[in-house]
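Every number for a ligand or one of its atoms is a count from 1 in the order of the listing.
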Amino acid sequence: MSRSDELLESAKAHLYPNYKPAGIVFARGKGCELFDVEGKRFLDLAAGVAVCAVGHAHPTFTKAVAEQVGRLVHVSNYFYNEENILLAAELAEKSGMARALFCNSGAEANEALLKLTRRHFFAKGEARTRILAFHNAFHGRTMGALSMTGTPKYREGFGGLEGIEHVAYGDLDAVKAKLSPDLAAIIVEPVQGEGGVLPAPQGFLASLRELCDRNGSLLLMDEVQTGVGRLGTWFGYQRSGVVPDAVSLAKGLGGGVPIGAMLTTEALAGALPPGTHGSTFGGNPLACAAARAVLHVLEHEGVLASVGPKGERLGAMLGEVARALPNVCEGERGEGLLRGLVLKPGFVVRDILPKLVEQGVLLTAAGERVLRFSPPLVVSEAELAEGVSAVKRVLGTL
Ligand SMILES: *Cc1c(COP(=O)(O)O)cnc(C)c1O
């Protein structure tokens, strides 16, 4: 029995079966390449779902994390630590927000947004508890974040928080119909990621900002997938000039080391006073050092500046595939290095991914029929071209 088969057998016996992973056991990576335990090479254009922003085993990142492990890993929030303070300042400088609260995942960052919102109006003595989210939005799997997630299938059987409603993404009239003095906040993704790589329509975010201001509600931006350079700017909202009241981050922030964050304006600094919220691991020196290394590589090794042009190039390549295979493809959409090839109704991306794995290319599905590209931001044009040509080959056989 091969090492891989041995491990897969053990996985089937002992891992909790809530996932349905491809039958590959990875052992190591380098840049945009991953190698399984048998040494077989794969081209990673998924980056662990938009997580490994600087690719695998990036020298600067690896050195920073390794040195931090050897120096200090954890102290709790009963004390300050150097990396945590420095990361908060760096995020404030890049985002225009004032404050950072650290946690360990995207769902936790969105839980923080929820608690921030409800506690803010509670403290003001205002009876505002309702939250408006969007159909197909993805905000995470914990109960609060799940309640805001706009896919009923994910919520089925779990119940959820009261006072959370969903309307169609991009539909301003539907949003206006939900405005009332008890609406606390609107939460929105600048580009819906899991929902199908769907960019906000032109002017939508600015209109939400205006409606929130008029109604006295907060505008919450879920940048878990779009933040930290994914769209070619540090944060997605910076592309529309809209300033949110609070932002959630995770995925790309730690380059694969688990960390999430909530960023807020100074006006919300008092909403969660000591004792109201916290996390044992949140903001520990290891995770913060990893995030600082990611920010450093993106800024000082030319990566952030390359995302826009590489994304345009990828979009053009996907557009060519769509035009060459009009019976399979509907078109291409996305921003920066978050792109989707939209297939015709009837095609199911989940069923096509194994064929791409056979070609040695790793991608993910976003929604039912969008093939998502969310490569490491350090990806080269040659690697993007290699992946796109494998996609064209596979889709050509359907
Ligand atoms: C992935 C994702 C989340 C959830 O993040 P986890 O780290 O899996 O909890 C939340 N919001 C968006 C937009 C995401 O893409």
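Judged as a side chain to side chain contact (heavy atoms under 4.5 Å, CB included), and not counting sequence neighbours, the contacts of Ala269 are Arg99, Glu266. For the ring-ring contact (aromatic ring centres under 6.0 Å, His included) test, residues two or more places apart in sequence or in another chain that qualify with Tyr169 are Phe134, Phe204.
Between Val188 and the options Leu208, Leu132, Val175, Leu220, a side-chain contact (heavy atoms from CB on, under 4.5 Å) holds for only Leu208.
You'll find the ring centres of Phe281 and Phe102 outside the 6.0 Å limit.
Listed by chain and number, residues touching ligand 1 at under 4.0 Å (heavy atoms only) are Ser105, Gly106, Ala107, Asn110, Phe138, His139, Gly140, Glu189, Asp222, Val224, Gln225, Lys251.
In this structure, Arg28 is positioned above the aromatic face of Phe35, its NZ or CZ under 6.0 Å from the six-membered ring centre and within 45° of the axis.
Each side chain to side chain donor-acceptor pair (under 3.5 Å) pair with one or both residues in residues 247-262, not counting sequence neighbours, appears once here: Asn110-Ser248, Asp222-Ser248.
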